[in-house]
Every structure is written in structure tokens, then in C-alpha cells.
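Residue indices begin at 1 and follow the sequence shown.
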Amino acid sequence: MLRLRDTSTTATLVLGLAFALVAAQSHGASTPRGVIFILLDDVGSESIGAYNSSIQRTPNIDALAKNGLQLVNFISNPSCTPSRASLVSGRYPYRHRLTRNTKSNNMVHKDCIMGRAMKAAGYTTFQAGKWQLTSPSKPYLVSQMCGFDYHVTWDHRDNRYLYSGFHTNLRHLTTESAGQFTFGTAYSEETFDTQETNHVFPEGWRPYFLTRLTKSFIKSRTSEEKFFVFYPVLEVHTPLTHPPDSTESKQFDALLASVDKQIGELVALLETQGIADEVLVIVASDNGARSSHTDEWGPNHLPVEGGKLTLSDAGIRMPFVLNWQNHTRKRTTSPALVDTTDVLPTILEAIGTDTSHFDLDGQSFWQFARGTTARGPRTWVASQQGQRFDVRTANLAYGTDRSAIESTANRFQPRPVNQGAPNDVCAQPEQLKLLNVMADYATSATLELPTLFSPTAVGACSHYKCNANRMLVCDESSDSTSTTDSSNGSSGSTHTTTKPSSSSKACGVRNCQTCQAQLPSRCAVCKAGFTLKEQGALCKRLRKAVSRRRRSS
């Protein structure tokens with residue numbers, strides 16, 4: 001479901017009530033005691049073994065996928081900031097307004113939901129690594145605004161692997177103490193409860209420091225304590241370099257193999273602690289690799305150029321693995337449609353939290369992950385970068401980076417459909433649905449529609465209707481009615497839909513012959529016997545001369 005952005009005070013009050021309700025809810029044995037969400041940086045699915053990469057570098061991620069749920073249609077946004085903001089907020093970029101990749105971000109309080117919701121549900125919350133959602137000059141916001149009890153956040157300085165520092169609310173953190181840090185009680189003598197933070201410059205390979213600290217956090221939890229780890233790792237973003245103990249010849253391969261090894265260490269720790277069946281583990285990526293990196297995919301070693309900043313498969317069709325031992329699907333590779341907005345509601349439902357009060361765009365697929373439903377809830381997904389966007393259904397995709405509606409059946413090898421005959425979309429229900437969703441998204445986000453919607457591309461108005469609530473939308477009838485559509489959202493919203501009609505195809509403006517492209521309820525040329533009135537909103541019938549004479553006599 002698409003909704004226009006609500007900036008009212010009422011929306012803020014409703015969100016506050018939502019957190020109060022979360023705190024009051026109980027959690028049964030069917031909810032995980034721990035949740036670990038690991039987010040890779042600039043890693044496309046073509047690089048992951050479980051996703052048919054030609055090069056095997058990720059045995060630990062592959063094992064999680066083999067024994068869990070692996071999604072092959074997880075759609076991210078094309079760059080770091082928009083994806084992370086959608087993951088944390090459960091909202092599309094046009095709503096959280098972080099639509100481009102930038103270091104100086106200013107996510108607002110009402111959108112920074114993930115940490116606060118987990119904390120309200122009784123989980124001790126910990127964030128480590130790359131954040132990129134609030135300004136580096138205000139690192140205290142990670143805890144004070146976004147709800148993480150403990151945070152160790154990369155400062156975006158210099159080489160992230162060798163020379164960077166971390167802002168943290170932990171008072172006594174050092175390189176030596178990271179592996180045995182006890183954390184104590186949040187907001188006690190161990191943490192700052194003001195805007196002051198500790199700027200730590202650890203020695204050695206920075207990712208190892210973060211993983212040691214994450215392991216310390218897990219080990220220091222009591223046997224009954226619920227905990228949430230959000231670990232956006234530093235790898236495999238540029239500058240590419242070799243970890244100190246690497247045996248790989250290529251820097252990208254070395255970094256990917258290294259982060260996979262660290263993921264394996266975290267999973268092994270859960271086994272050692274005897275809590276593997278109590279912890280939900282999620283591994284995903286924010287967006288594809290840079291274009292300077294080319295990987296090999298499939299048995300034929302198809303070269304796949306990194307797609308970061310693009311709306312291609314290599315840019316937004318990312319790896320996503322979910323694993324909770326003995327509780328979720330295993331050995332399941334699913335084509336279910338999921339995008340970044342769906343991850344937060346899924347985690348919240350997993351811990352027993354009602355998400356209906358949060359005003360999220362995403363939909364939970366938790367029941368599908370558990371195996372209690374046969375299909376995921378989605379019929380379409382969307383991705384956005386600045387003013388560019390892309391929408392996908394089960395088999396089709398279209399957006400501002402595409403010259404035609406394309407089939408997504410073959411990964412990394414899109415195939416145009418209806419090439420040379422765009423009017424045929426009106427006879428194809430799935431294509432028609434795709435264009436209608438695109439028009440809804442464009443209207444909600446105030447974006448321009450792609451060229452397929454222009455009059456020169458689509459031809460006569462007889463195949464299209466003009467609708468007051470949409471831009472130029474392909475449909476089969478001018479007869480419309482207002483209905484409540486909740487097919488792709490958590491609550492209903494009013495849309496205009498078409499009901500069957502025996503009349504011939506026509507524009508939304510009665511007796512219109514040619515629509516004005518991308519303008520709601522506007523006609524360019526009326527049918528014979530009618531004249532254009534009210535700036536194209538009306539085709540008025542011309543009176544015959546004989547009729548006027550009869551009335552005058």
C-alpha cells in the first residue's frame with residue numbers, strides 16, 4: 001500500500017502510543033530470545049555461493065542459507081543510505097526522505113524505529129559498525145534518539161579497515177578490553193547518558209575489533225535476557241584491501257571471505273553458548289558492488305558488473321538469508337517478493353509485537369518464514385534512488401532505468417517484453433498491474449513516470465484512462481469506483497479501480513480522443529461532436545445549429 005507522507009503532530013502521537021503498546025505486550029516461547037541482524041556493505045548476490053556465484057568464498061553464509069530461508073527476490077535500494085533508512089524505519093525513501101547516498105544524514109526521530117521498538121519490547125539493544133543514518137557529528141543520537149542501549153559506530157574517517165575510529169557510549173572501551181568487555185547495565189557507570197561520547201581508535205584490523213566486541217556483548221547476556229544485535233559490517237566497501245591473515249589473491253575476495261569467517265565465528269558462539277535455537281539470525285546486503293568490480297556468476301561464469309547506484313539486478317536484487325534453528329523454514333529457496341521495508345515488520349512480528357500502530361509501508365513475511373503460510377504477502381516491491389525508481393511484480397520489472405517492461409525470470413539477464421508494441425500492456429493483466437502500481441508510487445512520491453507513459457510511446461488514448469487520483473494509467477475501462485485496497489499494505493487506503501464495463505475502451509474524461517500524458521483527468525482532443533472545456537477536464541457536446549433555431553422560434 002502506498003500512502004502520502006504524514007508529517008502531522010498526530011502521526012507522532014500515534015507512534016508514541018505504539019511504543020507504549022509494545023512495552024505492554026507479552027512474549028511467548030514461540031518468540032526468539034535473541035535477534036542478530038548482519039548487514040553486508042556493497043555485496044551483490046552474484047558474489048554469494050548460495051546464490052550460484054561461480055567463486056566459492058562464503059561457506060558460512062551458504063550454510064545459514066542451506067539450513068534456513070533464502071530469498072531470491074529481496075529488493076533493496078541502490079545505495080547505502082536509502083536502504084539502511086528503509087530497513088530501520090520500515091518506510092520507503094520518499095517517506096523517510098533519505099533518498100540519496102550521503103554521510104551527513106539527518107534521520108528524524110519518528111523514522112528511527114528499529115532500535116526503539118526492540119528496546120520497548122524488552123530487548124537489550126546493541127549496534128556496531130557502519131550506521132550512516134544520523135550525522136557523525138552527533139553520534140549520541142544512535143542511543144538517545146534511535147534506542148540502542150550500546151553503540152560502537154564507525155566515524156567515517158579515513159580508511160575504515162586500518163585507520164578509522166568509532167564513536168561509542170561505552171566509557172572504558174579499549175582495543176584490549178573489546179574481547180572481554182562486560183557492558184554492565186545500560187546507562188549506568190559503563191555508559192554516557194549525555195551527549196558526550198568516547199571516540200575510540202583501536203589498534204589493528206577494525207572489523208576484527210567490532211566482531212570481538214559483538215561476541216563480548218552476546219556472551220555477557222544473562223540466561224533469560226533478550227537481546228538484539230544490529231551489526232552493519234564494514235566489508236566489502238572501498239577502499240579494497242587485504243585483511244592481515246588473508247590468503248586470497250584479489251582484495252574483494254579477501255574481504256568477502258574475511259567477513260564470512262567472522263559471521264561463522266558468531267554462529268559458532270551461539271552453538272558454544274547453547275543458544276543457537278533461541279536466536280534468529282538474518283544476513284542481508286544493502287546494495288550491489290561498485291561498477292569497478294566484476295564477479296562471475298553461474299556454471300558458465302557469466303561476468304556480472306557491480307550495480308551499485310543502478311536499479312538493475314546487480315544493484316538491488318540482494319542476498320537475504322533468515323535462520324532460526326528448529327523454528328523457521330530450512331532448505332528453502334523462495335521467490336517470494338520482499339523489499340527493505342518488510343524487514344522491520346517481520347522482525348517485530350517475530351518477537352510478538354503488533355506492528356499495526358507504527359504506520360509502516362512494509363509487510364511482515366514472518367508467517368511465511370515460519371512455514372504457516374504457503375506464500376509471502378507481497379504482490380509487488382519497489383526501490384528508489386533520488387528521483388529514479390523501479391517497481392517489480394512476480395515476473396516483471398519497469399522503472400526509470402529501463403526502456404521497456406522487462407521479464408526478471410533470468411537473473412542478471414532481463415528480457416524486454418512487448419518490444420515495439422507498448423499498447424499491448426492493456427491486454428496483459430500483470431503488465432497492467434505493474435503500471436498501475438508504478439503510477440501510484442510516482443504519485444505518492446511526487447516522481448515523474450518513465451517514458452512508456454508518454455503519448456508518443458503509448459499511442460492513442462483509447463488504451464488508457466486519465467484518473468483524478470493517478471497520473472496516466474493504462475486500464476481497460478473508463479468506469480471506475482472508489483474502493484479500499486489492502487492487498488499490499490497493513491491497512492486499507494482509497495484507490496480508484498476499474499470495474500468491468502461493456503463499453504469500449506475510453507479515457508477517464510468522457511468522450512475524449514487523446515489524453516494529455518502524465519496529467520490527471522485531462523484530455524487533449526475530444527471526439528467528433530464535442531469541444532474541450534475546463535482546461536481539458538470536460539468534453540462538452542456541441543449543439544447542432546438546427547436545435548438552436550428550433551429553441552429560438
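- Looking only at distances, no side-chain donor or acceptor of T294 sits under 3.5 Å from a matching main-chain atom of P303.
- A side-chain N or O of Q132 and one of T81 form a donor-acceptor pair less than 3.5 Å apart.
- Looking at D313, its side chain does come within 3.5 Å of a backbone N or O of F412 through a donor-acceptor pair.
- In terms of modelled atom types and a separation under 3.5 Å, the side chain of S47 and the main chain of V43 share no donor-acceptor contact.
- Here the CG-CD1 distance, from N323 to I282, works out to 10.0 Å after rounding to the nearest 0.5 Å.
- Using modelled atom types, one finds a donor on one side chain and an acceptor on the other under 3.5 Å when comparing H293 with D295.
- The nearest pair of heavy atoms linking R411 to M318 is NH2-O, 4.4 Å.
- T353 places no side-chain N or O within 3.5 Å of a backbone atom of T355 that could act as its donor or acceptor partner.
- Shown are R91, R378, R95; of these, the salt bridge (Lys or Arg N to Asp or Glu O under 4.0 Å) with D361 is made only by R95.
- Residues P78 and K308 form no side-chain contact, since every pair of their non-hydrogen atoms from C-beta on lies 4.5 Å or further apart.
- When ring centroids are compared, F228 and F37 stay outside the 6.0 Å threshold.
- Under the 4.5 Å side-chain criterion, counting only non-hydrogen atoms from C-beta, E430 is not in contact with I405.
- Here the closest heavy-atom approach between residue C80 and residue N101 is recorded as CB-OD1, 3.4 Å.
- Under the 3.5 Å distance criterion, the side-chain polar atoms of W297 are matched with a main-chain donor or acceptor of Y51.
- In the model, T153 has no side-chain atom that pairs as donor or acceptor with a side-chain atom of K130 under 3.5 Å.
- In this structure a side-chain-to-backbone donor-acceptor pair under 3.5 Å is missing from T340 to S76.
- A ring-centre distance under 6.0 Å is found for F389 and Y441.
- Side-chain contact between Y231 and I36 is absent, with no heavy atoms from C-beta onward closer than 4.5 Å.
- Between L98 atom CG and L133 atom CG the span is 7.0 Å, to the nearest 0.5 Å.
- Taking the ring axis of F74 as reference, the NZ or CZ atom of R317 does not stay both within 45° of it and closer than 6.0 Å to the ring centre.
- Side chain of T134 to backbone of N106: no donor-acceptor contact under 3.5 angstrom is found.
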Evaluation steps, side chain to side chain donor-acceptor pair (under 3.5 Å), between E46 and S53: CA-CA 5 Å; E46 69 276 7; S53 175; over 6 Å; no

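- Here OG of S143 is found 8.5 Å from CD of Q127. Values are rounded to the nearest 0.5 Å.
- To the nearest 0.5 Å, the span separating OG on S312 from CD on E305 amounts to 9.0 Å.
- For the atom pair CD of Q70 and OG of S334, the computed distance is 9.5 Å after rounding to the nearest 0.5 Å.
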Y94/L447 under side-chain contact (heavy atoms from CB on, under 4.5 Å): CA gap, chis, key distance, verdict: CA-CA 9 Å; Y94 73 87; L447 300 171; 5.9 Å; no

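- In this structure, V343 and F320 have side chains that are in contact, with non-hydrogen atoms separated by less than 4.5 Å.
- Put simply, the side chain of V281 reaches to within 4.5 Å of the side chain of L64, judged on heavy atoms.
- V35 places a side-chain heavy atom less than 4.5 Å from the side chain of I351.
- Among all heavy-atom pairs drawn from T238 and R160, the shortest one is O-NE, 3.8 Å.
- A heavy-atom distance below 4.5 Å is found between the side chains of L280 and W366.
- A128 and P232 make their closest contact through O-CD, 2.9 Å (heavy atoms, listed as atom of the first residue, atom of the second, distance).
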Residue pair S79, Q385: steps toward the side chain to side chain donor-acceptor pair (under 3.5 Å) verdict: CA-CA 7 Å; S79 64; Q385 171 78 11; 2.7 Å; yes

Test log, rule side-chain contact (heavy atoms from CB on, under 4.5 Å), inputs Y92 and D339: CA-CA 10 Å; Y92 284 115; D339 68 29; 2.6 Å; yes

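- For the pair S86 (side chain) and S83 (backbone), a donor-acceptor distance under 3.5 Å is absent.
- The shortest side-chain heavy-atom distance between D390 and Q384 does not fall under the 4.5 Å cut-off.
- Here the straight-line distance linking atom NE2 of H237 with atom CG of D42 works out to 4.5 Å at 0.5 Å rounding.
- The side-chain tip of R84 does not point at the ring of W131 from less than 6.0 angstrom away and within 45° of straight on.
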Residues R116, M145; criterion side-chain contact (heavy atoms from CB on, under 4.5 Å); working and verdict: CA-CA 8 Å; R116 288 189 294 147; M145 186 181 82; 5.9 Å; no

Derivation and outcome, side-chain contact (heavy atoms from CB on, under 4.5 Å), residues T393 and N395: CA-CA 6 Å; T393 57; N395 302 299; 5.5 Å; no

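- Contact between A382 and V391 at its shortest, heavy atoms only, is CB-CG2, 4.3 Å.
- Residue F230 is tested with V88, I347, T125, V142 for a side chain to side chain contact (heavy atoms under 4.5 Å, CB included); the sole match is V88.
- Closest approach of V233 to D41, counting heavy atoms only: O-CB, 3.8 Å.
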